[in-house]
Number of protein chains: 2
Amino acid sequence: MSNKALDAAERLCRSRGLALTPVRKRVLELLLEANAPVKAYDLLAALRPGANAQPPTIYRALDFLTRAGLVHRVEALNAYTACLHAGGRGAAELYVCETCGLVEERHRKGVLPEGPGGFQVSRSVIEHYGRCAACASPAAKA
Amino acid sequence: MSNKALDAAERLCRSRGLALTPVRKRVLELLLEANAPVKAYDLLAALRPGANAQPPTIYRALDFLTRAGLVHRVEALNAYTACLHAGGRGAAELYVCETCGLVEERHRKGVLPEGPGGFQVSRSVIEHYGRCAACASPAAKA
DNA sequence: TCCGTTATGTTATACTGTTGCGTGGAGTGT
DNA sequence: ACACTCCACGCAACAGTATAACATAACGGA
Ligand SMILES: [Zn+2]
Ligand SMILES: [Zn+2]
Ligand SMILES: [Zn+2]
Ligand SMILES: [Zn+2]
């Protein structure tokens, strides 16, 4: 099902001379399957059966994947989520459902908001929390 | 100098029936003096001479201050900064200079960006990183 | 006074992330 | 084949961030 995204990631890495090693690929796979923010140590635990991974393993993999634009860090949750538009340009804008964990995402291709008084923005963190359409619908009322 | 902001905070709390206790007030004072994001344990250390504060003390104070709208958490830095528009409505948008630490701030009073497909946003985290006007000016070139 | 509520102290622990060093495999030139 | 370099990864230890759980204190109203 999500093999499509995995394959796309593999092609993207190859085209840029980046090594999508087994560990990195597996981490990305786990994130794609989750379709929600996942914590580093949860990924680590998921990696355990089969390998004896330690914290640096997972953080290195996540660092690689975020640099490659395949994964976003969700700052307010200390968690990570697979990018839904792998390699997309511009700052990612995340919409995280606090009820079901679903993450939607946009990449702002346009110019970033300019700061007040000549502030030069080089990186933006934009995260919105609330309820996705499904969880907000009448049928899902508390 | 920043007693003005402190007094404003005190009035704001009184008008809302919130208790700006000595610990909370001192923490806010430290943040106002810093005019930059400060880490919880640094605040804790600054609190030490005179009291023997433990981690929960500082986290409880910060929790109170953020709820009261007097302090913002800087998610991507695990740090905290005094609100420059105490009690301002709407989501705060922070501009953090990575060179000198200066924080500028806007509160978006208008409607938050609406999410894709009916996503209902209840809280937004918006942080921009870069260089402030002073650090970006020719005189400050690396 | 008695009691409910809120704020703080205290101890311990959980969670998140990093440093430093060694090893081993893939490439590359000889 | 050999030596060499680079880089990913294993591994151990540790640093930094945050919370749980329980006890104490302080205030105000019944
Ligand atoms: Zn993305
Ligand atoms: Zn949802
Ligand atoms: Zn503010
Ligand atoms: Zn600056």
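The sequence lines fix the lettering, A, B, ..., with proteins before strands; numbering per chain opens at 1.
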Between CG of L20(A) and P of dC7(D) the distance, given in whole Å, is 17 Å
Could you give the side-chain donor-acceptor pairs of residues 46-59 of chain A under 3.5 Å, partners two or more places apart or in another chain?
{"from": "R48(A)", "atom 1": "NE", "to": "A53(A)", "atom 2": "O", "distance (Å)": "2.7"}
{"from": "R48(A)", "atom 1": "NH2", "to": "A53(A)", "atom 2": "O", "distance (Å)": "2.7"}
{"from": "N52(A)", "atom 1": "OD1", "to": "Q54(A)", "atom 2": "NE2", "distance (Å)": "3.4"}
{"from": "T57(A)", "atom 1": "OG1", "to": "Q54(A)", "atom 2": "O", "distance (Å)": "3.4"}

Would you tabulate the side-chain donor-acceptor contacts of residues 10-23 of chain B under 3.5 Å, counting partners in other chains and residues two or more places apart, or write 'none'?
{"from": "E10(B)", "atom 1": "OE1", "to": "K25(B)", "atom 2": "NZ", "distance (Å)": "3.2"}
{"from": "E10(B)", "atom 1": "OE2", "to": "K25(B)", "atom 2": "NZ", "distance (Å)": "3.4"}
{"from": "S15(B)", "atom 1": "OG", "to": "L12(B)", "atom 2": "O", "distance (Å)": "2.8"}

Practice prompt. Assess whether side-chain contact (heavy atoms from CB on, under 4.5 Å) is satisfied between L43(B) and L62(B), documenting all intermediate values.
Written response: CA-CA 10 Å; L43(B) 288 169; L62(B) 289 168; 3.9 Å; yes
Heavy-atom nearest pair, H107(B) first then G90(B), reads ND1-O, 3.7 Å
Here the distance between atom P of dC9(D) and atom CG of L65(A), to the nearest Å, is 10 Å
L18(A) CG to dC6(D) P, in whole Å, measures 18 Å
Paired with Y95(A), the side chain to side chain donor-acceptor pair (under 3.5 Å) test is passed by just one of E127(A), E105(A), R106(A), E104(A), namely R106(A)
By side chain to side chain donor-acceptor pair (under 3.5 Å), R26(B) pairs with (sequence neighbours left out) E29(B)
Nt span of DNA chain C in reach of chain B heavy atoms at under 4.0 Å, 5' end first, is dA7(C) to dT11(C)
Residues passing the side chain to side chain donor-acceptor pair (under 3.5 Å) test with R89(B), sequence neighbours excluded, are none
Taking OP1 and OP2 of dC9(D), is either one under 4.0 Å from a side-chain nitrogen or oxygen of T57(A)? no
Next item on the list: Look at the side chain of S122(A) and the backbone N and O of Y129(B), then say whether any donor-acceptor pair between them is shorter than 3.5 Å.
Entry: yes
Readout for nucleotides 17-30 of chain D: B = base within 4.0 Å of protein heavy atom, S = sugar-phosphate only, - = neither; 5' to 3' it is BBBB----------
Measuring to OP1 and OP2 of dC9(D), would you say a side-chain N or O of T21(A) lies under 4.0 angstrom away? yes
